[in-house]
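What you are looking at is a predicted structure, and each value in this text was computed from that prediction instead of being measured. Residues: numbered from 1 along the sequence shown.
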Amino acid sequence: TWPKHIINKKKQEIEANMPFVITHMSAIATSGVPPHTIFNLIAKASEYGELSNESKRIVRNMNILGMDVTTAIKEVASRTPSQQLKVFLNGISNTILSGGDLKKYLQDSAKEAMNDYRLKRKKYTSTLSTYADFYVGVMIAAPLFFVSVMSLMAIIGGEIFGLSLSVLMGLGIYVLLPMLNIIFIVFIHLTQPPL
């Protein structure tokens, strides 16, 4: 399972950075530089993480292994863990092979990637809004109700499962609530999309 975890982590990092890399590539292509130079510049940008590594592989294929640009791109596309990157790289390769306008392809891809990124962020924000409503109901209102009811019951007296009501209130306040808050924080962290 460890290799699969590493591959999934690489895939997530690649797909999280793709809109920004494609926009960067589009801006570079506007100046009219060849594809080799575009990939070389992306390879040197360490802030793109795994996408920089994929670009380094393309540059390595061209410089060290002597492949032409389209073969180098297709070779990396065949090995990448990200389906999105595979489609994008094959699109670049096909555009170059057919003599199409690479600058236009990159600009269109950048617009599409940024729109997709905005939609994902908007969806996550609305999901967070739902989580916030749940948090208010379960983690704020319910404990207040619990404490109020237990306080009234403590006046009357009695035990639940052999524990006094004041002990149950203490367990609820000092153990159960912090534990539920920690679980909620971990849940939010795990469901957060990569930045």
Side-chain angles (χ1 to χ4, degrees), residues 3-132 185 187-195:
K4 192 172 185 178
H5 170 72
I6 297 295
I7 288 170
N8 284 335
K9 190 173 179 185
K10 283 183 178 182
K11 178 185 174 200
Q12 287 176 351
E13 187 177 338
I14 286 170
E15 291 178 359
N17 285 320
M18 272 194 65
F20 310 108
V21 170
I22 295 172
T23 303
H24 190 174
M25 290 173 83
S26 173
I28 295 168
T30 305
S31 64
V33 298
H36 178 274
T37 307
I38 294 172
F39 285 109
N40 204 7
L41 290 170
I42 297 299
K44 291 177 182 175
S46 60
E47 65 268 15
Y48 296 136
E50 282 301 318
L51 269 169
S52 292
N53 292 337
E54 297 289 338
S55 291
K56 284 177 188 172
R57 287 183 188 100
I58 292 171
V59 171
R60 179 207 62 200
N61 287 348
M62 289 184 280
N63 293 343
I64 296 173
L65 302 177
M67 296 180 185
D68 63 290
V69 68
T70 55
T71 308
I73 292 170
K74 283 186 177 183
E75 194 276 332
V76 170
S78 69
R79 294 174 179 260
T80 186
S82 169
Q83 186 63 31
Q84 288 179 7
L85 182 60
K86 185 179 292 195
V87 169
F88 175 68
L89 289 177
N90 283 328
I92 290 176
S93 178
N94 292 337
T95 302
I96 294 169
L97 281 172
S98 66
D101 188 1
L102 182 62
K103 181 173 75 172
K104 179 156 178 32
Y105 174 76
L106 289 173
Q107 287 172 343
D108 292 344
S109 296
K111 285 179 190 172
E112 185 180 326
M114 287 309 286
N115 284 337
D116 187 43
Y117 177 78
R118 284 188 194 104
L119 285 173
K120 284 180 183 173
R121 286 286 156 197
K122 199 172 190 180
K123 182 179 175 186
Y124 180 66
T125 304
S126 70
T127 304
L128 272 183
S129 174
T130 305
Y131 294 159
I185 289 169
F187 173 74
I188 293 293
H189 179 71
L190 291 175
T191 58
Q192 178 181 354
L195 300 173

K.L.:
Using the test side-chain contact (heavy atoms from CB on, under 4.5 Å), find all partners of L41 that sit at least two apart in sequence or belong to another chain.
P.N.:
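Counting only residues at least two positions away or on another chain, L41 forms a side-chain contact (heavy atoms from CB on, under 4.5 Å) with I28, T37.
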K.L.:
Considering residues at least two apart in sequence or located in another chain, which fulfil the side chain to side chain donor-acceptor pair (under 3.5 Å) criterion with Q107?
P.N.:
none
K.L.:
Does S93 reach the main-chain N or O of L89 with its side chain, forming a donor-acceptor pair under 3.5 Å?
P.N.:
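The answer is no, because no donor-acceptor pair under 3.5 Å joins these two groups.
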K.L.:
Just wondering, are more than 12 heavy atoms of other shown residues or ligands nearer than 6.0 Å to NZ in K10?
P.N.:
no
K.L.:
Is there any salt bridge (charged side-chain N to carboxylate O under 4.0 Å, His left out) pair reaching into residues 25-40, and which pairs are they, with sequence neighbours excluded?
P.N.:
none
K.L.:
If you compare all heavy atoms of S82 against all heavy atoms of E15, which two are closest, and at what distance to 0.1 Å?
P.N.:
OG-OE2, 2.9 Å
K.L.:
Among residues at least two apart in sequence or on other chains, which ones pass side chain to side chain donor-acceptor pair (under 3.5 Å) with N115?
P.N.:
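For N115 the side chain to side chain donor-acceptor pair (under 3.5 Å) partners, ignoring immediate neighbours, are R118.
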K.L.:
Quick one: salt bridge (charged side-chain N to carboxylate O under 4.0 Å, His left out) partners of K123, sequence neighbours excluded?
P.N.:
none
K.L.:
If you look only at pairs with a residue in residues 55-70, which of them pass as a side chain to side chain donor-acceptor pair (under 3.5 Å), with sequence neighbours excluded?
P.N.:
H36-N63, E54-R57, N61-E75, D68-T70, D68-T71
K.L.:
Which residue pairs pass the salt bridge (charged side-chain N to carboxylate O under 4.0 Å, His left out) test when at least one of the two sits in residues 88-106, sequence neighbours left out?
P.N.:
K104-D108
K.L.:
For H189, enumerate each residue passing the ring pair (Phe, Tyr, Trp, His ring centres under 6.0 Å) test, keeping only those at least two apart in sequence or located in another chain.
P.N.:
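If we apply the ring pair (Phe, Tyr, Trp, His ring centres under 6.0 Å) test to H189, skipping adjacent residues, there are no hits.
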K.L.:
Quick one: list whatever passes side chain to side chain donor-acceptor pair (under 3.5 Å) with Y48, sequence neighbours left out.
P.N.:
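Scan of Y48 (side chain to side chain donor-acceptor pair (under 3.5 Å), adjacent residues dropped) gives H24.
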K.L.:
For residues 66-86, pull every pair meeting ring pair (Phe, Tyr, Trp, His ring centres under 6.0 Å), keeping only residues two or more places apart or in separate chains.
P.N.:
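Applying ring pair (Phe, Tyr, Trp, His ring centres under 6.0 Å) to every pair that reaches into residues 66-86, excluding sequence neighbours, yields nothing.
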K.L.:
Considering all heavy atoms of both residues, which atom of L51 and which atom of I14 are nearest to each other, and what is their separation?
P.N.:
CD1-O, 3.4 Å
K.L.:
State whether the side chain of E13 and the backbone N or O of E50 hold a donor-acceptor pair below 3.5 Å, judged by distance alone.
P.N.:
yes
K.L.:
Among all residues two or more places apart in sequence or in another chain, which pass the side-chain contact (heavy atoms from CB on, under 4.5 Å) test with Y131?
P.N.:
T127, L128, F184, F187, I188, T191
K.L.:
Applying ring pair (Phe, Tyr, Trp, His ring centres under 6.0 Å), which residue pairs with at least one partner in residues 62-81 are found, sequence neighbours left out?
P.N.:
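As it turns out, there is no ring pair (Phe, Tyr, Trp, His ring centres under 6.0 Å) pair with a partner in residues 62-81 once direct neighbours are skipped.
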